Amino acid sequence: AQKITQTQPGMFVQEKEAVTLDCTYDTSDQSYGLFWYKQPSSGEMIFLIYQGSYDEQNATEGRYSLNFQKARKSANLVISASQLGDSAMYFCAMRGINTGGFKTIFGAGTRLFVKA
Amino acid sequence: NAGVTQTPKFQVLKTGQSMTLQCAQDMNHEYMSWYRQDPGMGLRLIHYSVGAGITDQGEVPNGYNVSRSTTEDFPLRLLSAAPSQTSVYFCASSPLTSGRRNTGELFFGEGSRLTVL
């Protein structure tokens, strides 16, 4: 069975500082994808970053980077130079390719508060 | 570009009523799925489909039915609504194949807020 765990219900960070949002996963698939999505207070879901299980380098997209540690089954999101607009819910997600049947499951989310 | 379109955006039902949440996408995505979002529980997968004529259950399928007669449409049916089905529902689609341009990320609709009294 697949499972995503996000252990931080809420996080605070000072504007312009970096913050790490934790995500651990469990899967029996050898091939899978890991994703992070942002949900602002307006409610829409915004894709941020993707890491494939066979990618050797950590993914980066602008101020977002994914700290992928395969042996530890963790896929933490790092946001550098936080901005007030980063205040939102953040969800870690995983798509299993083999036994997962391509379905994508989500963690419970972390609410990030950026302080001015 | 329409993307993923969900209707209705808001709905209030009485216990025992039935309704269908509509979802349509115009991106020719093979994969479509329905999630419900409840406070503190993230997005939970209800049903998903990897192509026309193929559907499967997700994490919380009870009380919901789906069908996939075309690539574009993936309606979610509540046959007898219960207060426990009060939630925000999201439809999402993606291409199945991953590659240089497709990571398999989900494209979401705007969500449908359902209240069951």
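Computed over heavy atoms, backbone and side chain alike; hydrogens, waters and symmetry mates excluded. In what follows, chains carry the letters A, B, and so on, assigned in the order in which the sequence lines appear, proteins first and then strands, with residues in each chain numbered from 1. Since the structure is predicted, the reported quantities are computational estimates derived from the model, not experimental observations.
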*Asks:* Side chain of A/Tyr37, backbone of B/Leu106: donor and acceptor closer than 3.5 Å?
*Replies:* yes

*Asks:* Determine whether more than 12 heavy atoms belonging to other residues, nucleotides or ligands lie under 6.0 Å from atom CD of B/Glu110.
*Replies:* no

*Asks:* Verify the cluster assignment for A/Val19 and A/Met89: are they in a single hydrophobic cluster under the rule of side-chain heavy atoms below 4.5 Å apart?
*Replies:* no

*Asks:* Identify which part of A/Gln6 has an atom lying under 4.5 Å from any heavy atom of chain B, answering side chain, backbone, both or neither.
*Replies:* neither

*Asks:* If hydrophobic clusters are built by linking Ile, Leu, Val, Met, Phe, Trp and Tyr wherever their side-chain heavy atoms come under 4.5 Å apart, do A/Ile49 and A/Met11 end up in the same one?
*Replies:* yes

*Asks:* For B/Val50 and A/Phe102, which heavy atoms make the closest approach, and how far apart are they?
*Replies:* CG1-CB, 4.4 Å

*Asks:* Taking the side chain as everything from C-beta on, heavy atoms only, tell me whether A/Tyr50 gets closer than 4.5 Å to B/Glu105.
*Replies:* no

*Asks:* I'd like to know whether NZ of A/Lys16 has more than 12 heavy-atom contacts from other residues, nucleotides or ligands below 6.0 angstrom.
*Replies:* no

*Asks:* Is B/Leu117 reachable from B/Phe10 through a run of I, L, V, M, F, W or Y residues, each pair having side-chain heavy atoms under 4.5 Å apart?
*Replies:* no

*Asks:* Quick check: do B/Tyr35 and A/Thr104 have side-chain heavy atoms less than 4.5 Å from each other?
*Replies:* yes

*Asks:* Transitively linked via ILVMFWY side-chain contacts under 4.5 Å: B/Tyr89 with B/Phe74?
*Replies:* yes

*Asks:* Other residues, nucleotides and ligands only: do more than 12 of their heavy atoms fall within 6.0 Å of CZ on B/Arg113?
*Replies:* no

*Asks:* How far does CD of A/Gln2 sit from CG of B/Leu45, to the nearest 0.5 angstrom?
*Replies:* 9.5 Å

*Asks:* Identify the two heavy atoms, one from B/Gly40 and one from A/Ala108, that lie closest to each other, and give their separation to 0.1 Å.
*Replies:* O-CB, 3.7 Å

*Asks:* Return the option, out of B/Tyr31, B/Phe107, B/Phe90, with the maximum number of heavy-atom pairs under 4.5 Å with chain A.
*Replies:* B/Tyr31

*Asks:* Is there side-chain contact between A/Ile105 and B/Glu59, with at least one heavy-atom pair below 4.5 Å?
*Replies:* yes

*Asks:* Quick one: pull up OG in B/Ser94 and CZ in A/Phe47 and give me the separation to the nearest 0.5 Å.
*Replies:* 11.0 Å

